[in-house]
Amino acid sequence: MPAPLKLVDTSPKLPEAADAVVIGGGIVGVFAAYYLARRGMKVALVEKGRIGAEQSSRNWGWCRQQNRDARELPMATKSLDLWERFAAESGEDTGFRRCGLLYLSTSEEELAGWARWRDFARNVGVTTHMLNGAQASERGRATGKRWKGGVFSPTDGTADPASAAPAVARAILKLGGTVHQSCAARGIETEGGRLSGVVTEHGTIRTKTAVLAGGAWASSFCRQLGIRFPQAAIRSSILAVSPGSIGLPDALHTAAVSVTRRADGGYTVAISGRGRVDPTPQQLRFSPQFLPMFVKRWRSLAPGGLEGFHSGHETLARWRLDAPTPMERMRILDPAVDKATIRLTHSRAVDLLPPLKNISIAAAWAGYIDSTPDGVPGIGEIAAVPGFILAAGFSGHGFGIGPGAGHLIADIVTGNEPIVDPRPYHPDRFRKSAWGKVADF
């Protein structure tokens, strides 16, 4: 069963021209389009499938500062404020709330790492509380276990993956933007070396600015333009249990398993970092650049199957602009669930939280997490194609920092003072090795 998702109406007509075209209707794409529209720009958002249907509705829903890599922390902090402000500005509900995130551990090494992060975060104004054994065991009393310690981050929270991207898309429509589903962007046109249009399956939109927020499809799209963007996708499987459990934390992480309360009162359950590496031509092409990432995280990854090859999102093929592309043959990436991971996840969840023992599994799904060699997204204008802005490779962190990323993209497009320093995110850094630069969390 696919992840739950609320549906959005599609604008009836593709515009002939727009001030900006955003390619990709995930959380980053919708927020980019939203902030551009708020600045009075005529914006068209094009999505090959449904708004939010890929990883933006298949994640945990965490919106966190805790344990963020130093390069992403400023954007995470800004994003929390923007999540709150969005509801007041738009009248739309993303399900965001600052419920706090709870981390529990029996590992002295893990606790020491969290303490080091706490000390770093103090210097940038982030509040996080280290818990001793008694405090952690009290906050984690639903587990019935004794813990050596933990962390509670009170200002962090969650949003609802099923409704967040659709809510932002509705806000775009209210601002006069257009939203086009089942409308794949096949490529771009240029004049004098500068972007002049976006070619879609339903026609060309004349524009001087295009934002590629294509998630796992971004690298293959860039290849059509002669842009080298190293990207690899990991297949992650998670499950949801039905409502009925009482007294569980809203959001809890442990080394064994993590759980998050969903909007319907049920819980999403997952093993952090665990995934399958489905070999594809693109994986092989960029494998040397991803060696530092693999060395750091190999314990969580396992070989996959042919899911990625059949999906087509990591093809090395070139496609024509006047014929159907792989994106039209695979409207929504909905890969097969790793059943072994789901069984293990459920077993660990029941062991961690006994109240889940008598609660049925409501659904299980998989999604592709698009990663960069250093685990930090690529955001910035591509010098070789003026007017073309890349925003992809969010490495499993995109949902929480989606508002900040969208705001930064709008700043880049409009020339406003950037909400955060854009330099750590610029794609030019991928020309260099990622050794010693892989994100810690």
Side-chain angles (χ1 to χ4, degrees), residues 14-26 28-29 32-33 35-36 39 41-48 180 183-201 203-231 282 285-286 289 313-323 325-327 370 372-373 376-394 405-406 408-416 418 422-432:
L14 196 71
E16 293 183 1
D19 296 324
V21 175
V22 177
I23 302 167
V28 173
Y35 286 113
L36 288 168
R39 298 179 193 192
M41 296 186 71
K42 182 181 178 183
V43 180
L45 174 65
V46 297
E47 163 57 46
K48 62 181 175 49
H180 308 277
C183 182
R186 293 175 172 173
I188 66 169
E189 292 179 343
T190 60
E191 289 182 6
R194 181 180 178 85
L195 188 140
S196 62
V198 172
V199 180
T200 80
E201 62 180 294
T204 299
I205 307 173
R206 296 193 307 278
T207 186
K208 293 183 178 180
T209 302
V211 176
L212 177 62
W217 297 86
S219 185
S220 59
F221 189 98
C222 284
R223 191 171 303 112
Q224 313 306 309
L225 314 179
I227 298 168
R228 190 178 191 277
F229 174 44
Q231 185 182 39
Q282 182 172 295
R285 181 191 187 201
F286 293 130
Q289 285 188 259
H313 61 292
E314 292 191 343
T315 178
L316 295 181
R318 300 276 181 169
W319 57 68
R320 292 164 42 189
L321 301 186
D322 61 350
T325 69
M327 295 172 289
D370 58 306
T372 63
V376 176
I379 305 173
E381 185 172 19
I382 303 301
V385 187
F388 183 76
I389 291 110
L390 176 65
F394 281 78
L408 176 61
I409 293 162
D411 296 336
I412 293 170
V413 170
T414 60
N416 287 21
R423 289 173 294 182
Y425 308 107
H426 200 281
D428 282 353
R429 73 181 192 278
F430 298 129
R431 298 172 184 170
K432 300 178 181 179

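We're numbering straight along the sequence, starting at 1.
What you find for Val376 and Pro424 is that their closest heavy atoms are CG1-O, 4.3 Å. Minimum heavy-atom separation, Val46 to Ala185: CG2-CB, 4.1 Å. Of all heavy-atom pairs between Phe388 and Cys222, the closest is CE2-SG, 4.4 Å. Nearest heavy atom pair, residue Ile205 against residue Ala44, reads CD1-CB, 4.2 Å. Between Leu212 and Ala218, the closest heavy-atom pair is CD2-O, 3.8 Å. When all heavy atoms of Arg194 and Lys208 are compared, the pair lying nearest together is NH2-O, 3.5 Å.
Taking Pro230 as the reference, Phe286, Gln289, Phe290, Pro373, Phe430 meet the side chain to side chain contact (heavy atoms under 4.5 Å, CB included) condition, with sequence neighbours excluded. For Thr204, the side chain to side chain contact (heavy atoms under 4.5 Å, CB included) criterion is met by Glu189, Val199, not counting sequence neighbours.
To the nearest 0.5 Å, the span separating CG on Leu408 from OH on Tyr425 amounts to 7.5 Å. The CG atom of Leu390 sits 10.0 Å away from atom CG of Leu225, with the distance rounded to the nearest 0.5 Å. Here the NE2 atom belonging to His426 is positioned 6.0 Å from the CD1 atom belonging to Ile382, to the nearest 0.5 angstrom. Here OG1 of Thr315 is found 7.0 Å from CZ of Arg223. Values are rounded to the nearest 0.5 Å. With values rounded to the nearest 0.5 angstrom, Ile389 atom CD1 is found 7.0 Å from Ile412 atom CD1. In this structure, Leu36 CG and Asp411 CG are separated by 9.5 Å, a value rounded to the nearest 0.5 Å.
A donor-acceptor contact shorter than 3.5 Å links the side chain of Arg186 to the backbone of Leu321. Put simply, the side chain of Trp319 never gets that close to the backbone of Pro326: no donor and acceptor are under 3.5 Å apart. Under the 3.5 Å distance criterion, the side-chain polar atoms of Thr207 are matched with a main-chain donor or acceptor of Asp19. A distance-only check finds no donor-acceptor pair linking the side chain of Glu381 to the backbone of Pro386 [under 3.5 Å]. Looking only at distances, no side-chain donor or acceptor of Gln231 sits under 3.5 Å from a matching main-chain atom of Asp370.
Counted within 6.0 Å of CZ on Arg318, heavy atoms from surrounding residues, nucleotides or ligands total more than 12; the atom is thus considered enclosed. With a 6.0 Å radius and a threshold of 12 heavy atoms from other residues, nucleotides or ligands, Arg423 has its CZ atom at or below the threshold.
Shown are Thr209, Leu45, Val28; of these, the side-chain contact (heavy atoms from CB on, under 4.5 Å) with Val22 is made only by Leu45.
Between Thr325 and Lys48 the shortest side-chain heavy-atom distance does not fall below 4.5 Å. Looking at Met41 and Thr414, their side chains come closer than 4.5 Å, going by heavy atoms from C-beta outward. No side-chain heavy atom of Ser220 sits less than 4.5 Å from a side-chain heavy atom of Met327. Annotation: side chain of Ile379 is in contact with side chain of Phe394 (closest heavy-atom distance under 4.5 Å). Arg429 places a side-chain heavy atom less than 4.5 Å from the side chain of Thr372.
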Dump the intermediate steps for side chain to side chain contact (heavy atoms under 4.5 Å, CB included) on Arg285 and Leu316, then the final yes or no. CA-CA 9 Å; Arg285 181 191 187 201; Leu316 295 181; 3.9 Å; yes
